[in-house]
Asks: 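Take a look at the following structure, please.
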Amino acid sequence: MPVIGLPPAQAEPLDKAQPGLLSVADARRALSTLQVDRDGANGGYDREKFYKSWRVVTANNGSSSGVRKWYGWDAYTSSTRWNEPDVAAALKPKKGCDAREITLIRDAINGSAKWNSSTCAVTSGRWYEGYAGSTTTDPSSLDIEHIVAMQDAWNNGASRWNADTRLQFSHDPLVIAAVSKSENRSKGSRGPAQWKPSNKKAWPAYAQRYISIKHTYDLTLSSEAERKALQEMLGGTTAPAGPFLDVKKGVEHYDAMAWMKTKGISTGWKVSGGYEYRPLNAVNRDAMAAFLYRMAGSPKVSLPKASPFKDVKPGQEHYTAIIWAYQKGITTGWPDGTFRPTQSIKRDAMAAFLYRFAGAPRTGAASGSCFRDVSRSQQFAKEMCWMKNQGISTGWSDGTYRPLQSVKRDAMAAFLYRYDAKF
């Protein structure tokens with residue numbers, strides 16, 4: 001997409017269609033769902049925790065069995081949508097091009113970059129310096145910029161990544177671009193709340209790319225001021241910040257669902273433009289174990305050599321949480337030795353899980369009067385009455401609890417939110 005007011009030949013590399021770049025509409029939606037960092041990494045940043053020097057993008061020894069490290073650059077050759085002949089050609093030399101050289105080749109205007117086929121060193125070309133709003137023919141005047149600075153990434157989630165993920169981030173074609181050396185060094189590690197390109201025409205593209213990166217890598221914003229700055233640069237109207245795309249202020253249990261996201265108890269489903277919570281979906285038994293495990297602080301678990309359940313295997317989703325719930329006596333599973341992880345959890349069993357999670361506190365015998373449809377002799381009657389007595393569940397307006405009904409995700413959020421406030 002050409003930058004407004006500039007000749008079409010001067011395509012803005014920040015705005016250039018490429019893998020991972022959200023549409024403007026999706027970027028607006030994603031911006032509304034990005035969370036603000038609450039505690040940060042508390043120092044410890046070191047550039048070398050990401051990379052020491054630019055890596056070769058493709059380590060190809062010339063044979064069909066050659067090991068390749070693409071860092072995402074293969075998308076330019078493996079998809080007709082992103083295919084760029086110059087990038088494809090630069091990936092072929094046996095020695096390969098490092099991330100700096102391949103970025104210069106990609107971002108040159110109209111494929112104008114020239115490079116040494118043996119060393120891959122870029123010798124000439126023509127580039128649009130988007131941050132500064134000028135052009136240059138000198139590749140040495142350009143830096144390869146991490147649009148979301150590595151220190152910013154570190155403080156907003158990357159400190160918890162492993163070394164491979166940090167290396168991937170530092171070489172990802174979505175994250176890096178050829179820009180004016182002076183502008184890049186003026187920026188340093190500052191985010192949009194403290195720094196913006198001097199060329200205002202670059203603001204929308206910069207914000208669009210910045211948001212795309214934070215969304216792709218699940219990074220938080222540094223502050224609400226950062227969200228405001230990105231909204232200003234992106235233009236248009238951004239929806240008020242919310243926890244999930246499908247959870248709007250004013251809906252039932254909004255505060256509880258927002259709390260689930262803020263506390264990291266539920267991440268939801270990642271979709272284009274943000275995350276969905278899917279409040280009316282049923283809660284599966286494995287997800288119930290995961291919610292409680294995260295509420296407990298995701299403690300270290302001593303995993304057994306063999307699973308206690310026939311249908312729960314090491315490596316499957318929420319395996320650690322299920323084993324933890326079993327070891328804590330929160331779940332015993334079925335008499336046939338199964339856990340049935342993808343079966344929806346019923347409201348009576350949910351009450352039992354939460355009651356045991358609370359430490360199975362001493363309570364009076366169930367009188368049968370706590371809910372119209374819960375008899376004293378019914379399985380989990382004590383636990384369901386405990387839910388009511390503690391104010392965790394109020395049941396329906398007709399006085400029923402509906403114990404065999406599946407728990408919906410919005411109601412689950414409400415139960416956990418009330419439990420947290422109580423205990």
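Numbers here simply count residues along the sequence, with the first being 1.
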Asks: Tell me if a side-chain donor or acceptor on Lys187 pairs with a main-chain N or O of Lys196 at a distance below 3.5 Å.
Replies: no
Asks: What's the separation between atom CD in Glu252 and atom CE in Met257, rounded to the nearest 0.5 Å?
Replies: 8.0 Å
Asks: Quick one: which of Ile102, Ile176, Thr103 gives a side chain to side chain contact (heavy atoms under 4.5 Å, CB included) with Trp54?
Replies: Ile176
Asks: Okay, side chain of Arg209, backbone of Val175: is any donor-acceptor separation there less than 3.5 Å?
Replies: no
Asks: How long is the span from the NE2 atom in His146 to the CG atom in Asp172, to the nearest 0.5 Å?
Replies: 9.5 Å
Asks: For atom NZ of Lys270, decide whether the heavy atoms of other residues, nucleotides or ligands shown that lie under 6.0 angstrom number more than 12.
Replies: yes
Asks: Ignoring hydrogens and angles, tell me if any N or O in the side chain of Arg160 forms a donor-acceptor pair with the backbone of Asn156 under 3.5 Å.
Replies: no
Asks: What distance do Leu230 atom CG and Leu221 atom CG have between them, rounded to the nearest 0.5 Å?
Replies: 6.5 Å
Asks: Compute the ring centroids of Trp161 and Tyr217, then answer whether they are less than 6.0 Å apart.
Replies: yes
Asks: Using side-chain heavy atoms (C-beta onward) and a distance below 4.5 Å, is Phe423 in contact with Gln390?
Replies: yes
Asks: Whether the Glu129 and Ser134 side chains hold a donor-acceptor pair (N or O, under 3.5 Å, no angle test) is what I'd like checked.
Replies: yes
Asks: Does this structure show an ion pair linking Glu48 with Arg166, if we count only N-O contacts that are shorter than 4.0 Å?
Replies: no
Asks: Verify the distance criterion only: is there a donor paired with an acceptor across the side chains of Ser266 and Lys261 at less than 3.5 Å?
Replies: no
Asks: Sort out for me which residue in Tyr71, Trp73, Phe50 forms a ring-ring contact (aromatic ring centres under 6.0 Å, His included) with His171.
Replies: Tyr71
Asks: Do any N or O atoms from the side chain of Ser393 and from the backbone of Lys388 form a donor-acceptor pair under 3.5 angstrom?
Replies: no
Asks: Within the distance-only criterion (no hydrogens, no angle test), does the side chain of Lys248 pair as donor or acceptor with the backbone N or O of Leu245 below 3.5 angstrom?
Replies: yes
Asks: Name every donor-acceptor pair, under 3.5 Å, that has one atom in a side chain of residues 278-291 and the other anywhere in the protein, sequence neighbours excluded.
Replies:
residue : atom : partner : partner atom : Å
Arg278  : NE   : Glu276  : OE1          : 3.1
Arg278  : NH2  : Glu276  : OE1          : 3.4
Arg285  : NE   : Phe339  : O            : 2.8
Arg285  : NH2  : Phe339  : O            : 3.3

Asks: Check whether any side-chain heavy atom of Ser124 lies under 4.5 Å from a side-chain heavy atom of Thr137, and answer yes or no.
Replies: no
Asks: What residues, two or more places apart in sequence or in another chain, satisfy ring-ring contact (aromatic ring centres under 6.0 Å, His included) together with Trp195?
Replies: Tyr131, Tyr206
Asks: Hey, are the side chains of Val36 and Thr220 touching, using non-hydrogen atoms and a 4.5 Å cut-off?
Replies: no
Asks: Please confirm whether the backbone N or O of Ala99 pairs with a side-chain atom of Arg55, one donor and one acceptor, at under 3.5 Å?
Replies: no
Asks: So which heavy atom on Ser170 is nearest to which on Met150, and how close?
Replies: CB-SD, 4.1 Å
Asks: Using the ring centroid of each side chain, check whether Phe357 and Tyr419 are separated by less than 6.0 Å.
Replies: yes
Asks: Would you give the length of the straight line joining atom CG of Leu34 to atom OH of Tyr210, rounded to the nearest 0.5 angstrom?
Replies: 9.5 Å
Asks: Side chains of residues 323-333: which donor-acceptor partners sit under 3.5 Å, not counting sequence neighbours?
Replies:
residue : atom : partner : partner atom : Å
Gln327  : NE2  : Ser302  : O            : 2.8
Thr331  : OG1  : Gly333  : N            : 3.3

Asks: Strictly distance-based, threshold 3.5 Å: is any side-chain N or O of Trp127 a donor or acceptor partner for the main-chain N or O of Val179?
Replies: no
Asks: For Trp396 and Tyr401: C-alpha separation, side-chain torsions, deciding distance, then whether ring-ring contact (aromatic ring centres under 6.0 Å, His included) applies.
Replies: CA-CA 6 Å; Trp396 269 263; Tyr401 181 76; 7.6 Å; no
Asks: Given 3.5 Å as the limit, does a donor-acceptor pair link the side chain of Asp143 with the main chain of Glu145, or not?
Replies: no
Asks: Looking at every non-hydrogen atom in both residues, tell me the closest pair between Ala178 and Asp107 and how far apart they are.
Replies: N-OD2, 2.9 Å
Asks: Are any side-chain N or O atoms of Arg402 and backbone N or O atoms of Arg347, one a donor and one an acceptor, separated by less than 3.5 Å?
Replies: no
Asks: For the atom pair CD (Gln208) and CZ (Arg28), what is the distance rounded to the nearest 0.5 Å?
Replies: 9.5 Å
Asks: For the backbone of Trp334 and the side chain of Thr338, can you confirm whether one donor and one acceptor N or O come within less than 3.5 Å of each other?
Replies: no
Asks: Which distance, rounded to the nearest 0.5 Å, do you find between the CG of Asp152 and the CG of Leu219?
Replies: 7.5 Å
Asks: Do Ser140 and Asp138 pair up side chain to side chain, a donor and an acceptor below 3.5 Å, judged on atom types alone?
Replies: yes
